[in-house]
Amino acid sequence: TRSLCDWSSDVCSSDLELRLLVSKESNLQFFSHARVNKDAILAPHQAETLKRCRLHGRVLAFTDTTDINYTTHKQLQGAGYLHTKKTSGFLMHSVLTASPEGVPLGILRAEMWTRPHTDFGTSEQRSKRPFAEKERARWLRAFEAAAEICADGTTEVLSIGDRENDIYEVLSAERPEGAHLLVRVGQNRRILAPTSADSSAESSAASDEPTLTKIKEYAASLPFCGSMDVRIAHQGTQAERTVTVQIAFGTITVLPPHKTTGGVKMSIVIAKELRSDDAAASSQEAEPPLEWLLLTSLAVESLEDARLMLR
């Protein structure tokens, strides 16, 4: 004779399976409907995100690309290659907004696409396409989406991107009032820099004609003017830690590729990990010291301005 518990367990299990099946079928019907697409799904959330952003005087807009890896889903159709020919899935480039205190405000943009397998190995041909047709143009579209926050005239936005965002078309893009960039340097670009190595606010006025040089060489010549502690999140086998970085800053003109005239005025901020002689010689300090080179369209005229870019 079966116990009441056994009977109840079978009923609950069957009920759960039925609800999961109904839920699955409902989801399939929803997402396969002709009027349903990602833009329609995201539109209400994006509208509310924009409203939340405009409640703040300044908003941070973090932009980056995510690989959605479906390599193990062999029956999936329509996926493209990722970093290798053997990996497949799709990509998403999103703009996540947050308050200066780090409170998330919502996703402002989410661009999704696949790389056709037939395009693998054709980077040379793709590099000849107009910029708007290149995959990296997504960074410019992301900045333009973030800049829409400023349309009300009361909110500033700082669009933040990693080294992949170091693209001249992005750096030189038209920026509405209140829209700014903060980008980690990814290329050793040619720049026009003050002749004096010290380009702080006190000495920049006395600088002579600018000098043609490379951005990393110029960064290495700048004197440090202060320091701050920075928390470094857990990475791989390395635990979370706090390091002290030395800070330098200056003002430069980033030149267009293959040209020595024109360009766009930017501020540069350098942060380099400060280590004691003992720590530098220790076997536990095998990793090279941290060093960040940042470009921003904001004016950096003091140590406090530079610290703000590193927070």
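Along the sequence shown, the residues carry numbers beginning at 1.
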Asker: Using atom types as modelled and distance alone, determine if a side-chain donor or acceptor of Thr242 lies under 3.5 Å from a backbone N or O of Arg231.
Answerer: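 It does not hold such a pair.
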Asker: Look at the side chain of Thr71 and the backbone N and O of Ser88, then say whether any donor-acceptor pair between them is shorter than 3.5 Å.
Answerer: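 A pair under 3.5 Å: yes.
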Asker: Report yes if some heavy atom in the side chain of Asn69 is under 4.5 Å from a heavy atom in the side chain of Phe90; otherwise report no.
Answerer: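 No; the side chains remain at least 4.5 Å from each other.
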Asker: Using 0.5 Å steps for rounding, measure from the OG1 atom of Thr260 to the CG atom of Leu192.
Answerer: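 So the gap between those two atoms works out to 8.0 Å.
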Asker: Decide whether Asp229 and Thr244 meet the rule of one side-chain donor and one side-chain acceptor closer than 3.5 Å.
Answerer: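 Short answer, yes.
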Asker: Would you find a donor on one side and an acceptor on the other, under 3.5 Å apart, between the side chain of Gln246 and the backbone of Leu274?
Answerer: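 A pair under 3.5 Å: no.
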Asker: Would you say Thr122's side chain and Gln125's backbone share a donor-acceptor pair under 3.5 angstrom?
Answerer: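 Looks like no, no N/O pair under 3.5 Å.
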Asker: Under 3.5 Å, side chain of Thr253 to main-chain N/O of Val264, donor-acceptor pair present?
Answerer: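 No: the side chain of Thr253 does not pair with the backbone of Val264.
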Asker: So, taking the atom named CZ in Phe62 and the one named CG in Leu108, what distance separates them when rounded to the nearest 0.5 Å?
Answerer: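 That separation rounds to 13.5 Å.
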Asker: Would you confirm whether Asp119, through its side chain, and Arg115, through its main-chain N or O, come within 3.5 Å as a donor-acceptor pair?
Answerer: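 No; zero donor-acceptor contacts below 3.5 Å.
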Asker: Does the pair Glu144/Arg109 count as a salt bridge with the N-to-O cut at 4.0 Å?
Answerer: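 No, Glu144 and Arg109 are not salt-bridged.
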Asker: May I ask you to decide if Leu290's main-chain N or O and Glu273's side chain share a donor-acceptor pair within less than 3.5 Å?
Answerer: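 Here the side-chain-to-backbone pair exists.
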Asker: Hey, are Glu48 and Lys51 close enough for a salt bridge, meaning a charged N less than 4.0 Å from a carboxylate O?
Answerer: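 Salt bridge between Glu48 and Lys51, a charged N being under 4.0 Å from a carboxylate O: yes.
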Asker: Decide, yes or no, whether a salt bridge links Glu164 with Arg184 under the criterion of side-chain N to carboxylate O below 4.0 Å.
Answerer: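 The answer is no: the pair does not qualify as a salt bridge.
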Asker: Assess whether atom CZ of Arg136 is packed by more than 12 heavy atoms of other residues, nucleotides or ligands within 6.0 Å.
Answerer: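 More than 12 heavy atoms, drawn from other residues, nucleotides or ligands, come within 6.0 Å of this atom.
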Asker: Report yes or no: does Arg52 contribute a side-chain atom to a donor-acceptor pair with the main-chain N or O of Leu105 at less than 3.5 Å?
Answerer: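 Side chain of Arg52 to backbone of Leu105, a donor-acceptor pair under 3.5 Å: yes, one is there.
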Asker: Hey, does the side chain of Asp166 reach the backbone of Gly186 with a donor-acceptor pair shorter than 3.5 angstrom?
Answerer: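 Yes: the side chain of Asp166 pairs with the backbone of Gly186.
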Asker: Do we see a donor-acceptor contact under 3.5 Å between the side chains of Trp113 and Glu135?
Answerer: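 Result is yes, a qualifying pair exists.
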Asker: Hey, is the main chain of Asp64 close enough, under 3.5 Å, to the side chain of His93 for a donor-acceptor pair?
Answerer: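 Pair found, side chain donor or acceptor close to backbone of Asp64.
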Asker: Check whether the side chains of Glu101 and Ser99 place a donor and an acceptor atom closer than 3.5 Å, and report yes or no.
Answerer: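 On atom types as modelled, these side chains qualify, holding a pair under 3.5 Å.
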Asker: Has Tyr168 got more than 12 heavy atoms of other residues, nucleotides or ligands less than 6.0 Å from its OH?
Answerer: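 Above 12, so yes.
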Asker: Between Arg141 and Glu148, does any NZ, NE, NH1 or NH2 come within less than 4.0 Å of an OD or OE carboxylate oxygen?
Answerer: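 Between Arg141 and Glu148 there is no salt bridge, as every charged N stays at least 4.0 Å from the carboxylate O atoms.
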Asker: Would you say that more than 12 heavy atoms from the other residues, nucleotides or ligands in this model lie under 6.0 Å from the NZ of Lys38, or not?
Answerer: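 Yes, because the 6.0 Å sphere around NZ of Lys38 holds more than 12 heavy atoms from other groups.
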Asker: Would you tell me whether Arg138 and Thr65 have side-chain atoms, one donor and one acceptor, within less than 3.5 Å of each other?
Answerer: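 A donor-acceptor contact under 3.5 Å links the two side chains.
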